[in-house]
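The next block holds one structure in the form of structure tokens; read it before the comments.
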Amino acid sequence: MYNREDYVSNSEWERFLEFSKNLETPNIVINLHTVKKNYIKLRDSFPYARIFYAMKANPGKPVLELLAEMGSNFDIASRYELDKILELKISPDRLSFGNTIKKAKDIAYFYEKGVRMFATDSKEDLKNIATNAPGSRVYVRILVENSVTADWPLSRKFGCHPDMAYDLIVLAKKLGLTPYGISFHVGSQQRDIGQWNDAIAKTKYLFTSLEEEEDIRLSMINMGGGFPASYIEPTNDLHDYASEITRYIRDDFGEDRPEIILEPGRSLVADSGILTSEVVLVSRKNNTALSRWVYQDAGKFNGLIETLDESIKYPIISSKDKPNVRESEVIIAGPTCDSMDIMYEDNKYKLPTNLKIGDKLYWLTTGAYTSTYASVGFNGFPPLKTYFME
């Protein structure tokens with residue numbers, strides 16, 4: 001059993017139970033108070049940085065409206081996200097097209113709508129930007145190796161080697177674009193703060209060599225996200241991240257600090273969400289099996305895809321939890337007719353031995369990459385319903 005008070009205060013828990021008592025499962029409730037608190041903490045921890053919320057983490061309209069009102073900018077990954085953010089009357093100078101994989105017609109669409117900041121990591125994409133978004137600011141994403149210490153690594157698909165980044169910046173200038181900066185992402189839920197040190201050192205090398213050899217002066221570092229949410233694995237507090245990262249920047253750049261951009265997603269919204277599911281079946285595979293199988297009405301295909309390879313380990317409590325309740329190991333699976341739809345088998349979760357059909361499971365820290373990270377209707381099951389609690 002996990003100590004619920006380590007994740008949700010008693011007062012917020014009571015508010016959640018009252019708010020959700022009549023909601024059909026599975027569902028996610030997002031606490032907007034928590035989103036606001038997390039944004040203020042991040043802003044105050046990095047007072048010199050501009051925040052571009054990665055809206056893919058949770059694009060709920062109330063979340064976007066709240067963050068926009070608080071002054072956040074937004075990292076956009078598709079024209080569909082762009083349309084959604086522009087509906088809120090947010091100025092395009094607060095937006096960045098941060099996806100390095102994009103169609104030429106989508107680049108033109110962003111440019112038409114007023115966006116002038118684009119990420120890239122390849123020559124062909126850079127040429128498309130030059131053709132369809134002339135004169136725009138570009139920043140090049142570099143590869144960062146983070147597979148060991150990040151719960152959700154990102155390095156293999158995105159970014160390029162620093163030597164290629166150097167060439168792309170030079171080409172950007174030749175193509176009439178504005179070389180703006182370098183970006184990196186140390187991996188989502190990154191528990192090793194030192195990963196930022198290595199990445200910042202690489203950007204310093206690029207800043208210096210491009211200015212000395214090519215007379216190109218970059219002005220921005222986009223440090224992506226990677227800051228922690230409260231899952232099972234322990235992490236340092238955000239203030240520890242900020243203190244160390246600020247020192248890394250100062251060590252490499254001294255008083256001549258470039259503009260710093262952050263692209264948080266998980267760290268702003270994950271802690272705000274509680275996913276409620278219903279137990280559909282509890283069974284054993286044979287009469288002497290030590291572990292029960294607990295099947296519930298939410299699974300990998302309708303919200304819990306980040307349990308793939310058991311990467312993200314959510315805290316789970318049940319409606320049967322109480323002091324000194326007897327527990328035993330379980331395998332937790334979803335409702336679909338797909339053998340992949342098993343959330344936890346190797347990681348040994350424990351749930352009360354008296355857990356029955358119809359009981360509820362509460363998945364904490366599920367505000368990020370759940371409600372929209374789902375199939376449209378595999379086996380006919382709809383995506384999770386999301387509710388927002390003021």
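Members clustered with Y139: F52, M117, Y180, M220, I261, by chain and number, using a 4.5 Å side-chain heavy-atom cutoff among hydrophobic residues.
Across L275 and A298, no two heavy atoms sit closer than the pair CD2-CB, 4.0 Å.
Using a distance-only test at 3.5 Å, with no hydrogens or angles considered, a donor-acceptor pair links the side chain of E310 to the main chain of E345. Listed for the K36 side chain is no donor-acceptor partner under 3.5 Å among the backbone atoms of H33. A distance-only check finds no donor-acceptor pair linking the side chain of N132 to the backbone of I129 [under 3.5 Å].
Between F207 and F253, the distance from one ring center to the other falls under 6.0 angstrom. Between W13 and Y7, the gap from one ring centroid to the other reaches at least 6.0 Å. Taking the centre of each ring, F381 and F301 stay at or above the 6.0 Å mark. Two rings, from F184 and W196, have their centers 6.0 Å or more apart.
Residues V35 and L42 share a hydrophobic cluster, clusters being chains of Ile/Leu/Val/Met/Phe/Trp/Tyr side chains in contact below 4.5 Å.
We find that K102 and D125 are joined by a salt bridge, their nearest charged nitrogen and carboxylate oxygen being less than 4.0 Å apart.
Counted by atom type alone, R266 and S188 present one or more donor-acceptor pairs between their side chains at under 3.5 Å.
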